[in-house]
2 protein chains.
Amino acid sequence: MSTGVANEKAIDSLKALAEPIRLEIIESLSTGEKCVCDLMQETGLAQSKISFHLKVLKEAGVITDRQSGRWVYYQLDTRTLKSLQNWIKKLRKGCLNEAASCE
Amino acid sequence: MSTGVANEKAIDSLKALAEPIRLEIIESLSTGEKCVCDLMQETGLAQSKISFHLKVLKEAGVITDRQSGRWVYYQLDTRTLKSLQNWIKKLRKGCLNEAASCE
DNA sequence: TTGATACATCAATAATTCTTGATATATACT
DNA sequence: AGTATATATCAAGAATTATTGATGTATCAA
């Protein structure tokens, strides 16, 4: 089983993480699933702003969502983070283009 | 010995990596030290553009430079990448704020 | 010391991304 | 049906980042 990602996927993940508000959101989600309203309370940020950043994160595959009634719950997709971690490892070791796990 | 980084450092590294030209540069450097002229040849990009992106990478601590005569050689700083890798691992495991290596 | 090479930096513009306030949509409650 | 809540989306503007071509600076070679 591969944890590899293409560079474009990696760039999407990196861009998604590389923003303070999104990072705050992600850190919050790392303790468990949250709805937008939870995130609003925790961060004190405007709803449209949070939704904007959640969308970026979701499109990058860093989080997933599930609707339940009026609420939408967001959750980290740790597989994406694991892939990214592995991608950085390969980058660092100069074996990004090799299929195998490297070294 | 810690490989930990503060969030701001991590964001700098992430931003630096999250750009196609910079990633191309980094991939090239992952096979060894290069001068700007090498990078120009390999990528076919304008010199000012390459210097611009090298500066971003350097300020983020992702690469280091050394001058030799008329040339400036750039090299990956794999320690920064290792730190970033570890930071992502911690983020994924929800233990970013714990001192220890986690799990 | 003149000319060429390697690179950095700058100013102007272009492109991208983020913020804000408003409006839209869907669900649930009464 | 009517109202309130949770969230998404949108359009306009603000802010940040990238590109381009030009110029500056240091080093070397003739």
Side-chain angles (χ1 to χ4, degrees), chain A residues 7-29 32-77 84, chain B residues 7-29 32-77 84:
Chain A
N7 286 353
E8 302 80 45
K9 284 277 176 198
I11 286 183
D12 288 345
S13 303
L14 292 164
K15 268 200 197 133
L17 297 181
E19 207 281 334
I21 291 178
R22 290 197 288 269
L23 187 50
E24 191 180 356
I25 290 173
I26 294 211
E27 284 197 71
S28 169
L29 295 182
E33 198 182 53
K34 301 269 170 70
C35 63
V36 179
C37 51
D38 290 337
L39 294 168
M40 284 176 68
Q41 276 212 201
E42 281 188 33
T43 62
L45 296 171
Q47 181 263 315
S48 65
K49 191 184 264 190
I50 292 183
S51 283
F52 169 81
H53 289 293
L54 284 170
K55 190 178 186 188
V56 174
L57 289 167
K58 185 182 163 190
E59 285 175 351
V62 175
I63 61 177
T64 57
D65 64 343
R66 121 189 126 73
Q67 182 157 6
S68 172
R70 276 181 278 185
W71 292 269
V72 178
Y73 291 93
Y74 286 91
Q75 183 172 30
L76 268 193
D77 188 339
L84 183 61
Chain B
N7 286 354
E8 303 79 47
K9 284 277 176 199
I11 286 183
D12 288 345
S13 302
L14 292 165
K15 267 200 198 132
L17 297 180
E19 207 281 333
I21 290 177
R22 290 197 287 268
L23 187 50
E24 191 180 356
I25 290 173
I26 294 211
E27 283 198 71
S28 169
L29 295 182
E33 198 181 52
K34 301 270 169 69
C35 63
V36 179
C37 52
D38 290 336
L39 294 168
M40 283 176 68
Q41 277 212 195
E42 281 188 32
T43 63
L45 297 171
Q47 181 264 315
S48 65
K49 191 184 265 191
I50 292 183
S51 284
F52 169 81
H53 288 293
L54 284 169
K55 190 179 186 187
V56 174
L57 289 167
K58 186 182 164 191
E59 284 175 353
V62 174
I63 61 177
T64 57
D65 63 344
R66 124 189 124 74
Q67 181 157 8
S68 172
R70 277 181 279 186
W71 292 269
V72 179
Y73 291 94
Y74 287 90
Q75 183 172 29
L76 269 192
D77 189 338
L84 183 61

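Chain letters run A, B, ... following the sequence lines, proteins first and then strands; every chain starts at 1. None of the values given here were measured: they were computed from a predicted structure.
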Measure the spacing between CD of A/Glu59 and NZ of A/Lys15 and express it to the nearest 0.5 Å. 12.0 Å
Does the pair B/Leu23 and A/Leu14 meet the rule for a side-chain contact (heavy atoms from CB on, under 4.5 Å), with working shown? CA-CA 11 Å; B/Leu23 187 50; A/Leu14 292 164; 5.8 Å; no
Is A/Lys58 touching bases, backbone alone, or none of the nucleic acid, heavy atoms closer than 4.0 Å? nothing
Rounded to the nearest 0.5 Å, what separates atom CG in A/Leu39 from atom CG in A/Leu45? 9.5 Å
Test applied, side-chain contact (heavy atoms from CB on, under 4.5 Å); reference residue, A/Ile63; option that passes from A/Leu57, A/Ile25, A/Val56: A/Leu57
Atom CG of A/Leu17 and atom CZ of A/Arg22: how far apart are they, to the nearest 0.5 Å? 8.5 Å
Nucleic acid footprint by protein, nucleotides 1-13 of chain D - heavy-atom cut-off 4.0 Å, B for base, S for sugar-phosphate alone: ----BSBBB----
Chain B contact limits on DNA chain C, taken 5' to 3' with a cut-off of 4.0 angstrom to heavy atoms: C/dT5 to C/dT9
In whole angstroms, how far is the P atom of D/dT16 from the CD atom of A/Glu19? 11 Å
Can you check whether A/Gly69's main-chain N or O pairs, donor with acceptor, with A/Gln67's side chain at less than 3.5 Å? yes
With side-chain contact (heavy atoms from CB on, under 4.5 Å) as the criterion, how do B/Val62 and B/Leu76 come out once you've worked through the C-alpha distance, each side chain's angles and the decisive distance to 0.1 Å? CA-CA 6 Å; B/Val62 174; B/Leu76 269 192; 4.3 Å; yes
Judged by each residue's nearest nucleotide on DNA chain C, which is more toward the 5′ side, A/Lys15 or A/Gln67? A/Lys15
For B/Ser28, does its backbone N or O pair with a side-chain atom of B/Lys34 as donor and acceptor, under 3.5 Å? yes
